[in-house]
Amino acid sequence: GDLLDIDFLREMSEKDNKIKSLVDMGFPEDEANMAITRCGVDAALTVLADSVYASQAAGDCHYGNLSDYELGGRKRARLMEGSKKKRKRYGGAAQGNRRPLDGSHEEPMPLPNPMVGFNLPNDRLRSVTRRLPQQAIGPPFFYYENVALAPKGVWATISRFLYDIEPEFVDSKHLCAAARKRGYIHNLPIENRFPLLPLPPKTIFEAFPHYKKWWPSWDPRRQLNCLQTSMSSAKLTERIQCALASSGNPPPKSVQKYVMDECRKWNLVWVGKNKVAHLEPDEVEYLLGFPRDHTRGVGKTERFKSLGNSFQVDTVAYHLSVLKDMYPNGVNVLSLFTGIGGGEVALHRLGIHMRTVVSVEIGEVNRRILRGWWDQTQTGTLIEIADVKSLTDDRIATFVRRFGGFDLVIGGSPCNNLAGSNRHHRDGLEGEQSALFYHYFRIVDAVKSAMGRM
DNA sequence: TGAAAAATGAGCAAAGGA
DNA sequence: TCCTTTGCTCATTTTTCA
């Protein structure tokens with residue numbers, strides 16, 4: 001009796017959680033409920049989401065808020081088709097299978113080595129050609145970004161929702177002095193890209209010549225690791241200084257290993273005899289391609305957090321450069337999860353005029369930073385929205401009518417639940433913040449269909 | 001082919017400071 | 001009191017190396 005009750009309660013709370021997640025993804029509650037009834041409470045969220053779409057495509061959702069989720073006839077067929085095709089290709093279990101179709105059952109998405117994307121500046125040799133799937137071709141152009149090293153299956157799911165486009169994985173260490181392994185899914189042409197000038201320094205010493213003075217010969221680093229959202233404490237600097245001071249020169253291998261491990265983990269640089277320190281905010285701004293003092297005026301910790309979450313501007317600008325010739329009169333941009341405006345800075349540095357930017361960003365500090373930069377550098381219109389969930393399909397249609405459509409939908413959705421350094425809630429694409437990816441998809445699709453009606 | 005090393009947009013509670 | 005900083009958490013995946 002007790003066991004049964006516990007099982008029952010577990011199932012109920014599991015069901016509540018799944019419904020909440022699906023609602024967070026932008027599905028109506030009753031359709032989420034139906035999908036769970038069809039597929040079972042243990043089905044993975046991706047399966048449930050597919051099921052809702054398949055059901056909508058089949059036209060059997062005679063209830064619920066149709067207007068928000070209405071899809072054109074062609075698109076319905078496409079979504080259902082894609083759903084079937086994928087199920088076959090991935091050899092996944094049919095809906096209703098009690099075993100969840102989680103990442104472990106997805107087709108692997110191998111990361112390229114070296115991680116150079118489709119091509120790099122001044123490297124025509126390695127350039128590849130690609131054919132976009134028919135349903136991926138714009139308008140609008142869109143550009144999506146997230147961490148490359150996500151849990152298994154995440155990129156397969158993201159790619160499946162974003163019209164089966166193959167991700168472009170790029171490590172920004174090929175364009176600047178710091179690593180940044182990211183995946184980009186976009187429907188932009190990849191021929192005739194050009195980089196921002198001047199080309200950024202690609203080594204630590206080129207970026208910060210004065211560090212050469214104290215750099216020991218046994219520290220082989222020439223580039224930095226990924227710039228993250230938090231910095232090491234002063235105590236670590238002290239511990240390293242003590243360890244080095246109480247050993248010879250050069251220090252024994254064991255001390256070298258301890259120091260190098262910490263230096264790599266925290267991106268420490270040599271600023272004095274036996275003295276390492278973390279980077280300063282203006283150095284991170286520089287490495288990421290932002291103008292000096294872009295994030296100035298907020299607390300140091302806030303600056304590191306916002307910068308750690310942002311684009312590497314040179315990398316993104318290289319991909320966006322193809323827009324310059326296409327839009328000599330400027331672009332209308334829908335910017336989701338804008339952060340401190342890496343995409344906007346990239347367009348500006350490319351010399352692409354932004355007539356309008358509709359920006360969605362939850363962080364008040366980030367909105368303030370973007371507004372400050374915009375008012376100083378731009379002549380176009382900036383509309384700031386806080387919550388992606390409040391950007392309904394109706395509002396999107398209104399914006400599309402008002403501005404004559406969006407030329408670019410750009411954004412990187414939250415990586416909190418995907419990032420390797422998250423020890424607490426690395427729950428994948430279904431995690432609380434990372435599930436906002438589904439809003440990115442919803443909004444791109446809403447822009448697509450609103451523009452199709454123009 | 002396997003084990004070990006390295007890398008990674010993080011998050012929490014508690015201490016510290018204005 | 002509220003906000004910022006610090007120490008600790010020890011996961012997952014890919015790459016390197018024997």
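Quick note on labels: first sequence line is chain A, next is B, and so on, each numbered from 1.
- Between A:Phe290 and A:Trp373, the ring centre distance reaches or exceeds 6.0 Å.
- The side chain of A:His425 lies closest to B:dG11, out of C:dT13, B:dG11, C:dC10.
- Rounded to a whole Å, the CG atom of A:Leu418 is 21 Å from the P atom of B:dA7.
- A sub-4.0 Å separation between OP1 or OP2 of B:dG9 and a side-chain N or O of A:Asn146 is absent.
- For the pair A:Arg426 and A:Lys300, both in contact range of DNA chain C, the more 5′-proximal nearest nucleotide belongs to A:Lys300.
- A:Gln228 places its CD atom 13 Å from the C1' atom of B:dG11, with the value rounded to the nearest Å.
- If you measure from atom NZ of A:Lys181 to atom P of B:dG9, you get 8 Å, rounded to the nearest angstrom.
- Phosphate contact (OP1/OP2 of B:dG9, side-chain N/O of A:Asn422, threshold under 4.0 Å): absent.
- Taking side-chain N and O atoms only, A:Arg423 has no distance below 4.0 Å to OP1 or OP2 of B:dC12.
- Contact annotation for A:Asp261: backbone-only contact, meaning every heavy-atom pair under 4.0 Å involves sugar-phosphate atoms and none involves a base.
- Residue A:Lys235 places no side-chain N or O under 4.0 Å from the OP1 or OP2 atom of B:dG16.
- We find that CH2 of A:Trp266 is positioned 14 Å from P of B:dA7, with the value rounded to whole Å.
- The interatomic distance linking A:Glu262 (CD) with B:dA5 (C1') rounds to 15 Å, in whole Å.
- The side chain of A:Lys257 sits closest to B:dA6 out of B:dG9, B:dA6, B:dA7.
- When rounded to the nearest whole Å, the span between NE2 of A:His424 and P of C:dT12 equals 13 Å.
- Contact annotation for A:Arg182: base contact, defined as any heavy-atom pair under 4.0 Å involving a base atom.
- No close placement of the A:Tyr318 and A:Tyr184 rings is indicated, their centers lying 6.0 Å or farther apart.
- Between C:dT9 and B:dA7, the distance separating the two P atoms is 22 Å to the nearest Å.
- With C:dT14, B:dA10, C:dT16 as the choices, the nucleotide that has an atom nearest any side-chain atom of A:Lys152 turns out to be C:dT14.
- Between A:Tyr440 and A:Phe337, the ring centre distance reaches or exceeds 6.0 Å.
- In this structure, the separation between CD1 on A:Ile340 and NZ on A:Lys305 is 13.5 Å, given to the nearest 0.5 Å.
- In this structure C:dT13 sits in a base pair with B:dA6, meeting the Watson-Crick or G-U test at under 3.5 Å.
- Distance from the side chain of A:Ser233 is smallest to C:dG7 among B:dT8, C:dG7, B:dG9.
- If you take atom C1' in B:dA6 and the same atom in C:dC10, they sit 15 Å apart, rounded to whole Å.
- Atom NZ in A:Lys265 sits roughly 12 Å away from atom C1' in C:dG7 (whole-Å rounding).
- By the 6.0 Å and 45° rule, A:Lys448 stacks over the aromatic ring of A:Tyr163.
- Atom-to-atom, CG of A:Leu287 to P of B:dG9 comes out at 16 Å; the value is rounded to the nearest Å.
- Contacts of A:Ser413 with the nucleic acid, taken as non-hydrogen atoms under 4.0 Å apart, include base atoms.
- Atom CD of A:Glu262 has more than 12 neighbouring heavy atoms from other residues, nucleotides or ligands inside a 6.0 Å radius.
- The nucleotide whose nearest atom lies closest to any side-chain atom of A:Asn113 is, among C:dT16, B:dA10, B:dG9, C:dT16.
- Where A:Arg239 and A:Leu111 meet DNA chain C, the nucleotide closest to each residue was compared, and A:Arg239 sits on the side nearer the 5' end.
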